[in-house]
Amino acid sequence: MKKELRLMKGNEAIAEAAIRAGTDGYFGYPITPQSEILEYLMEANPYETTGMVVLQAESEVAAINMVYGGAACGKKVMTSSSSPGISLKQEGISYIAGAELPCLIVNVARGGPGLGTIQPAQSDYFQSVKGGGHGDYHLIVLAPASVQEMADFVELGFDLAFKYRNPVLILSDGAIGQMMEKVYLNPPKPRSSEILEWATTGKPTTRERNIITSLDLDPNGQENFNLKLQAKYENIRKNEVRYEEFQCDDAQYLLVAYGTSARVCQKSVQIAREQGLKVGLLRPITLFPFPSERISELSDRVRGILSVEMSAGQMVEDVQLSVGCKVPVKHFGRMGGIVTTPDEVVDFLKLNIIGG
Amino acid sequence: MIEATGIKNIIKPENLVYKKSSVMTDNVLSYCPGCGHGTANRILAEVIEEMGIQSKTIGVSPVGCSVLLYNFLDVDMQEAAHGRAPAVATAIKRLIPDSFVFTYQGDGDLAAIGTAETIHACNRGENILIIFVNNGIYGMTGGQMAPTTLPGMKSSTSPAGRDVKTMGNPLKMTEIVATLPGTYYVTRQSVHTPANVRKTKKAIRKAVEYQKLDRGTCFIEIVSNCNSGWKMTPVQANKWMEETMFPYYPLGDIKVPVEESVK
Amino acid sequence: MAKMRGSIVVDAERCKGCEVCRVSCPTGTIGMAKEVNHKGYYFAYPENPDLCIGCANCAMVCPDGVITVYKTKI
């Protein structure tokens with residue numbers, strides 16, 4: 001079947017893609033700037049067509065625990081929120097990681113800390129890629145830079161979640177959530193009727209009971225479980241790194257940026273090249289696993305790297321870890337809901353990396 | 001095994017009147033001696049066995065003394081974060097509607113940290129069974145004051161007794177949820193005497209039947225003891241419970257299905 | 001009316017000696033052992049087995065499910 005072309009907001013694209021991906025359940029709570037996801041799903045009422053459950057929970061805390069319950073049944077379940085709501089979900093996300101459950105979480109991020117602002121920001125990077133809740137765990141983090149990727153990453157996210165039995169986070173922001181672009185939507189897929197062998201679906205006489213828990217009071221058992229988790233993350237680092245390069249082949253200077261900042265930096269590359277500066281852009285698509293190896297390779301050929309992020313400088317730490325001391329690495333970014341302009345990036349690059 | 005002497009001829013399979021349910025695993029219960037949790041776990045297993053719903057049952061255990069419930073019941077189970085069992089159960093039941101879904105929660109879990117999840121699951125009329133074991137104290141963490149701790153009652157965080165002026169009043173969650181249109185059957189029982197065990201078992205059996213009807217949330221409070229937390233022997237604790245807990249938490253049905261009350 | 005005779009079997013190793021069964025027994029069948037099991041509990045046992053009527057009250061209230069009950073008419 002052919003893909004369907006539509007003009008949609010990023011948030012709407014997520015919602016429509018969720019229905020088309022054969023999602024079993026969505027559990028959400030309103031928060032700006034992502035409420036359109038829940039609104040779209042309520043309006044679409046997919047329960048009548050695909051049987052997909054859409055539920056407005058009493059809180060983000062309840063919503064993520066509904067995701068836990070559904071995921072533990074082996075179902076394709078998801079939630080979405082924005083930064084303050086994602087903070088509330090962290091307890092549940094830690095449990096989901098600890099119980100090794102597949103699910104999709106969407107963060108249409110806004111500026112913080114605290115109630116912050118409803119404008120876009122990328123200041124949830126640490127929370128997203130370093131764990132976020134308590135304990136040693138990672139989410140697989142996908143960073144869409146377009147409405148098209150908002151749609152595409154729903155299915156990709158579920159695929160990765162089930163492949164690794166690990167929660168997947170789509171880290172978007174208010175700009176991509178709210179902007180309208182054309183998007184090619186996949187034809188609808190039916191919901192899966194497969195019963196997963198580890199899932200709690202009611203114990204038939206043919207198997208032992210299934211228990212979904214993150215608890216192991218025996219320290220040896222708990223350490224062994226943690227080692228197993230770390231081995232899984234290592235496997236993910238090895239196999240799931242995704243990134244995109246723009247004009248990196250001859251680049252003397254490298255920009256590293258994801259999501260909205262990457263869109264801005266594409267323009268910055270163009271402006272810089274018009275001025276005769278050989279600048280390239282690496283856009284991490286997965287933030288965990290981070291494209292460290294590729295950034296390290298590129299750092300052997302460039303004179304300096306600028307990490308651009310709508311934050312005080314979070315991803316720059318991972319860029320620095322990838323590069324070591326081979327070339328100077330600096331951060332540029334605006335905060336508080338301000339989207340960086342392409343010219344600002346070029347000016348900063350010229351002043352602090354090229355000129356420096 | 002200790003056997004009664006001279007009555008060996010009675011101990012024959014055909015004379016068996018009571019044995020532990022096959023839905024209980026062989027794991028030794030982690031509860032203190034005389035704790036009502038064990039009895040509550042056991043009769044829940046008995047109902048599941050007797051009603052033939054083992055393959056349909058999905059349970060949710062809480063954080064608290066019964067956190068390891070999944071080790072004792074031979075059914076599929078999930079372990080929820082503290083207080084979140086009703087939200088977890090909501091999704092299970094919505095996604096697998098023909099299952100029998102229950103949560104099993106203590107008073108700290110259900111009436112303090114999980115108040116919102118409890119009230120909203122009940123208010124949505126989620127078609128689940130919530131079993132609420134109320135012993136007026138946080139047992140697992142060592143006998144701290146719970147929202148259900150009685151006025152004047154001593155605990156490790158109310159060493160001079162609960163002062164309601166500064167520590168608040170005991171919360172009657174069961175009465176609260178009974179006021180919500182979403183609840184279908186709300187009752188308060190206990191498991192400290194054979195008669196009470198029989199009544200509680202009957203209540204659980206009803207709740208299973210009601211869940212098949214898809215009429216809303218069933219909520220069974222079991223007022224129970226905490227010998228360790230109350231610093232009493234089990235027998236003393238049961239007596240104290242009758243004398244002190246029951247006046248505040250009176251046993252009996254609080255909300256019965258309309259169809260049944262007109263019968 | 002036929003008289004009921006009962007008998008109980010206590011899994012002494014799993015008994016925690018809480019005595020809830022003892023106080024629930026209507027005939028005074030159950031007593032607590034003078035020795036302890038491997039966990040250190042004075043376990044329940046049928047001290048007066050001839051009195052047992054097989055009512056299963058003890059098993060009904062046993063938190064640890066360690067009592068099995070048999071009953072027959074004599």
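Just so it is clear, the values below take in all heavy atoms, side chains as well, and ignore hydrogens, waters and symmetry mates. Only a predicted model underlies this, so the values are computations on that prediction, with no experimental measurement involved. Below, read A as the first sequence line, B as the second, and so on, with proteins coming before strands; counting in each chain starts at 1.
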>> Is Cys55(C) in contact with chain B via its backbone, its side chain, both, or neither, using a 4.5 Å heavy-atom distance?
In response: backbone

>> Is His37(B) close to chain C through its backbone or its side chain, or both, or neither, when contacts mean heavy atoms under 4.5 Å?
In response: neither

>> Within the supplied structure, the quantity of interest is the number of heavy atoms (other residues, nucleotides, ligands) at a distance under 6.0 Å from Tyr41(C) OH; does it exceed 12?
In response: yes

>> Is any side-chain heavy atom of Val235(B) closer than 4.5 Å to one of Glu19(C)?
In response: yes

> Who wins among Thr193(B), Asn41(B), Val197(B) for the most heavy-atom pairs under 4.5 Å with chain C?
Replying inline: Val197(B)

> Closest approach of Gly6(C) and Ile10(B), non-hydrogen atoms and distance?
Replying inline: O-CD1, 3.8 Å

> So what's closer than 4.5 Å to chain B heavy atoms on Val61(C): side chain, backbone, both or neither?
Replying inline: both

> Would you say Arg42(B)'s side chain and Met60(C)'s backbone share a donor-acceptor pair under 3.5 angstrom?
Replying inline: yes

> Which answer fits Asn27(B), side chain, backbone, both or neither, if we ask what part of it has an atom under 4.5 Å from a heavy atom of chain C?
Replying inline: backbone

>> Let's go through Lys16(C) and Leu29(B) carefully: what are the C-alpha distance in whole Å and the side-chain angles of both, what is the deciding distance for side-chain contact (heavy atoms from CB on, under 4.5 Å) to 0.1 Å, and is it a yes or a no?
In response: CA-CA 10 Å; Lys16(C) 292 175 183 165; Leu29(B) 300 183; 4.1 Å; yes

> With sequence neighbours left out, what residues match Lys56(B) under side chain to side chain donor-acceptor pair (under 3.5 Å)?
Replying inline: Asp98(B)

> Counting heavy-atom pairs under 4.5 Å to chain C, which of Asn227(B), Val28(B), Asn238(B) comes out on top?
Replying inline: Val28(B)

>> What part of Lys12(B) gets within 4.5 angstrom of chain C, counting heavy atoms only: side chain, backbone, both, or neither?
In response: backbone

> Which heavy-atom pair separates Pro234(B) from Val20(C) by the least distance, and what is that distance?
Replying inline: CB-CG2, 4.1 Å

>> Just so I know, are the side chains of Pro63(C) and Tyr31(B) near enough to count as touching, which here means a heavy-atom distance under 4.5 Å?
In response: no

> Under 4.5 Å, heavy atom to heavy atom, which residues of residues 16-24 of chain B contact chain C?
Replying inline: Leu16(B), Val17(B), Tyr18(B), Lys19(B), Lys20(B)

>> Determine whether Asn9(B) and Arg5(C) satisfy the following criterion, side-chain hydrogen bond (donor to acceptor under 3.5 Å, both in side chains), listing intermediate values before the conclusion.
In response: CA-CA 11 Å; Asn9(B) 55 337; Arg5(C) 275 295 306 271; over 6 Å; no

> For Pro33(B) and Cys18(C), which heavy atoms make the closest approach, and how far apart are they?
Replying inline: C-CB, 3.7 Å

>> Donor-acceptor check, side chain of Arg14(C) to backbone of Asp26(B), threshold 3.5 angstrom: yes or no?
In response: yes

